[in-house]
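If you read the sequence from its start, that first residue is 1, and numbering goes on from there. Atoms considered below: every heavy atom in the structure, side chains included; atoms not considered: hydrogens, waters and symmetry mates.
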Amino acid sequence: MHNNPVIEKLVGRPRLTIVLVHGRTLTPAYMDALAERLALQDVRYVFPAADGNSWYPKTLFASLAENQPALDAAIAQYETVISGLLDEGAPLGRIVIGGFSQGACLTAEYLSRHPRRFGAALLWTGGLIGPAGRTWPPQPALQGLPVYLSTSKVDPFVPASRVTETANWLKASGALPELDIFETREHMVSDEEIDRGRRIVAALMVAG
């Protein structure tokens, strides 16, 4: 079970909440560093933590059974975090969810299982989880959701094909995906990807 304490950080007087989920072998500190690069004001950040710094043991293309029970436990922890925010009175439309690498994949899978019209989603190098040939039914609850997705043509963990497949699923669900596939970017979050994420969140703040 993933039951580690959730790490939080407040910047100014929070007008929205951003949940950022770390990747395999990484920690909430990595997501905190990404938050610093976003350089946003008036945000409450939430950084969930995985046991052993991994949300599920195999690759995103493994059979679902191979990633159990860790995957279901990770999804349940994600839902606990979101439900807790909603119970505290955070408006759904003022919550942004996202992550990097395995954390972005977990976020995409969470959206498929618990579809809600969040404020936005940031999937830095991430896509839906499951073997080739798996299909995900469209989720109309995602109608109008801004989503940023990215990877590169040379990424060793999250190939462009799965991120494109995820973007197409989001479109079918009525979401508003923006997709970047870089030519040679290493497995990281580039300044351009940070800028795209900042722009989406800033637009949400202006709208609010």
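Remark: Leu128 CG to Leu106 CG distance equals 11.0 Å, nearest 0.5 Å. Between the CE atom in Met188 and the CG atom in Asp155 there is a gap of 11.5 Å [rounded to 0.5 Å]. Separation of atoms CD1 (Ile129) and OG (Ser112) is listed at 8.0 Å; rounding is to 0.5 Å. Interatomic distance, Thr17 OG1 to Glu8 CD, rounded to the nearest 0.5 Å: 8.0 Å. Going from atom CD of Glu109 over to atom OH of Tyr78 covers 12.0 Å, rounded to the nearest 0.5 Å.
Note on Leu92: it clusters hydrophobically with Val21, by side-chain heavy-atom contacts below 4.5 Å among ILVMFWY residues. Hydrophobic clustering, with ILVMFWY side chains joined whenever heavy atoms are under 4.5 angstrom apart, groups Leu86 together with Ile75. Note on Leu123: it clusters hydrophobically with Phe61, by side-chain heavy-atom contacts below 4.5 Å among ILVMFWY residues. Cluster membership for Leu176 and Trp124, using ILVMFWY side-chain heavy atoms within less than 4.5 angstrom, is not shared.
Ile95 has its side chain out of reach of Arg116: every pair of non-hydrogen atoms, C-beta onward, lies at least 4.5 Å apart. Between Lys171 and Pro177, the closest side-chain pair of non-hydrogen atoms falls below 4.5 Å. Using a 4.5 Å cut-off on side-chain heavy atoms (C-beta onward), Leu38 and Tyr45 make contact. A heavy-atom distance below 4.5 Å is not found between the side chains of Phe157 and Thr151. Taking the side chain as every heavy atom from C-beta outward, Glu66 and Thr59 never approach each other to under 4.5 Å. With contacts defined as side-chain heavy-atom distances shorter than 4.5 Å, the pair Met205/Val43 qualifies.
In this structure, Ile200 and Ala120 approach most closely via the heavy-atom pair CG2-CB, 3.6 Å. In this structure, Arg198 and Arg37 approach most closely via the heavy-atom pair NH2-O, 3.0 Å. The heavy-atom pair separating Trp55 from His22 by the smallest distance is NE1-O, 2.9 Å. Scanning all heavy atoms of the two residues, the minimum distance from Glu183 to Val154 falls at O-CG1, 3.7 Å. Nearest heavy-atom pair across Pro48 and Leu20 is CD-O, 3.4 Å. Looking at every heavy atom in both residues, Leu60 comes nearest to Cys105 through CD1-SG, 3.9 Å.
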Using residues 140-150 as the side-chain source, report each donor-acceptor pair under 3.5 Å to any protein atom, sequence neighbours left out, with the distance given to one decimal.
unit_1, atom_1, unit_2, atom_2, d
Tyr148, OH, Asp180, OD2, 2.7
Ser150, OG, Thr125, N, 3.2
Ser150, OG, Glu193, OE2, 2.6

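Of the possible polar contacts, one joining the Gln68 side chain to the Asp72 backbone as a donor-acceptor pair under 3.5 Å is found. For Asp42 (side chain) and Leu16 (main-chain N/O), no donor-acceptor pair under 3.5 Å exists by modelled atom type. Looking only at distances, a side-chain donor or acceptor of Arg94 sits under 3.5 Å from a matching main-chain atom of Leu204. At least one donor-acceptor pair under 3.5 Å links the side chain of Gln77 to the backbone N or O of Ala49. A donor-acceptor pair under 3.5 Å links the side-chain atoms of Ser54 to the main chain of Tyr56, judged by distance alone. For Ser173 (side chain) and Ala175 (main-chain N/O), no donor-acceptor pair under 3.5 Å exists by modelled atom type.
We find that Arg134 and Glu165 are not joined by a salt bridge, their nearest charged nitrogen and carboxylate oxygen being 4.0 Å or further apart.
Within a 6.0 Å radius of CD in Glu88, other residues, nucleotides and ligands contribute more than 12 heavy atoms. Remark: Lys58 NZ is loosely packed, at most 12 non-hydrogen atoms of other residues, nucleotides or ligands lying under 6.0 Å away.
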| field | From CA spacing to verdict: side chain to side chain contact (heavy atoms under 4.5 Å, CB included), Thr166, Trp136 | value | CA-CA 9 Å; Thr166 302; Trp136 295 265; over 6 Å; no
| Derivation of the side chain to side chain contact (heavy atoms under 4.5 Å, CB included) call for Leu170 and Gln139 | CA-CA 8 Å; Leu170 287 163; Gln139 297 289 356; over 6 Å; no
| request: Test Leu111 against Ile97 for side chain to side chain contact (heavy atoms under 4.5 Å, CB included), laying out the working first. | output: CA-CA 9 Å; Leu111 278 172; Ile97 63 173; 3.8 Å; yes
| message | Let's go through Ile18 and Leu40 carefully: what are the C-alpha distance in whole Å and the side-chain angles of both, what is the deciding distance for side chain to side chain contact (heavy atoms under 4.5 Å, CB included) to 0.1 Å, and is it a yes or a no? | response | CA-CA 10 Å; Ile18 303 180; Leu40 294 164; 3.9 Å; yes
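His187 and Phe100 have tilted rings, their planes meeting at an angle from 30° to 60° on a 0 to 90° scale.
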